[in-house]
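Everything on this sheet refers to the single structure shown next.
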Amino acid sequence: MSSNLVRQVGFYVPPVLGALCFGYAASTLRGGEESQLRQQLQHEAEELDQRRLTWLQRPNRSVQYKASAIQEVHNRKALGPAGVLLNRGEVLEVLEDGQGMEQGFSVVRRESGDMGIFPKQYLR
């Protein structure tokens, strides 16, 4: 009986507490603070897009290796304007692997010559 009660408490209490914490956090944000937060997030997204476009436009790249796309990216917004959408099985050239904040991406070039960034984990 007591182990069943402990199991039920362990099942219901964490989600309820989580919801209460998020509800409290949301209630403490006032309209002006929420607007500032949205503006800051928009600004940071624009900076990230610009940083990726600058990375993509670096000259004098040579092919590091050839790869093929093993999966398609379904959320185009995640790549931003520097991204390239590839089809599964598409063969491409990897020109540069990302470093630092971009370590999860590679600069790739399609056979058609289009260049963009693409997630490394979707390449083989």
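The model shown is predicted, which means the values in this text are computed figures rather than measured ones.
The distance from the CG atom of Leu123 to the OG atom of Ser68 is 8.0 Å, given to the nearest 0.5 Å.
In this structure, a donor-acceptor pair under 3.5 Å is present between the side chains of Glu47 and His43.
Residue pairs meeting the salt bridge (Lys or Arg N to Asp or Glu O under 4.0 Å) criterion with at least one member in residues 92-105, sequence neighbours excluded: Arg52-Glu102, Arg58-Glu96, Arg61-Glu96, Lys66-Glu93, Glu93-Arg109.
Each of Gln39, Glu46, Gln40, Glu44 was scored for a side chain to side chain donor-acceptor pair (under 3.5 Å) with Gln42, with one residue passing: Glu46.
If you chain together hydrophobic residues whose side chains sit under 4.5 Å apart, Leu48 and Leu53 never meet in one group. Residue Val63 is grouped with residue Ile117 when hydrophobic side chains (ILVMFWY) are merged at heavy-atom distances under 4.5 angstrom, including chains of intermediate members.
Between Glu34 and Arg38, at least one side-chain nitrogen of the basic residue sits less than 4.0 Å from a carboxylate oxygen of the acidic one, meeting the salt-bridge criterion.
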Stepwise side-chain contact (heavy atoms from CB on, under 4.5 Å) test for Val107 and Val94: CA-CA 6 Å; Val107 175; Val94 176; over 6 Å; no
List the steps and the verdict of side-chain contact (heavy atoms from CB on, under 4.5 Å) for Leu92 and Glu111. CA-CA 6 Å; Leu92 52 111; Glu111 289 180 344; over 6 Å; no
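Within the 4.5 Å cutoff, the side chain of Gln71 has no heavy atoms near those of the Gln121 side chain. Put simply, the side chain of Val73 reaches to within 4.5 Å of the side chain of Pro119, judged on heavy atoms.
The minimum heavy-atom distance linking Phe105 with Trp55 is given by the pair O-CH2, 3.9 Å. Residue Lys120 comes nearest to Ser106 through the heavy atom pair CG-OG, 3.1 Å, listed as atom of the first residue, atom of the second, then distance.
Partners of Arg124 under the side chain to side chain donor-acceptor pair (under 3.5 Å) rule, at least two apart in sequence or in another chain, do not exist in this structure.
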Quiz: residues 77-91 side-chain donor-acceptor pairs under 3.5 angstrom, not counting sequence neighbours:
| from | atom 1 | to | atom 2 | distance (Å) |
| --- | --- | --- | --- | --- |
| Arg88 | NE | Ile70 | O | 3.3 |
| Glu90 | OE1 | Asn87 | N | 2.9 |
| Glu90 | OE1 | Arg110 | NH2 | 3.1 |
| Glu90 | OE2 | Arg110 | NE | 2.7 |
| Glu90 | OE2 | Arg110 | NH2 | 3.4 |

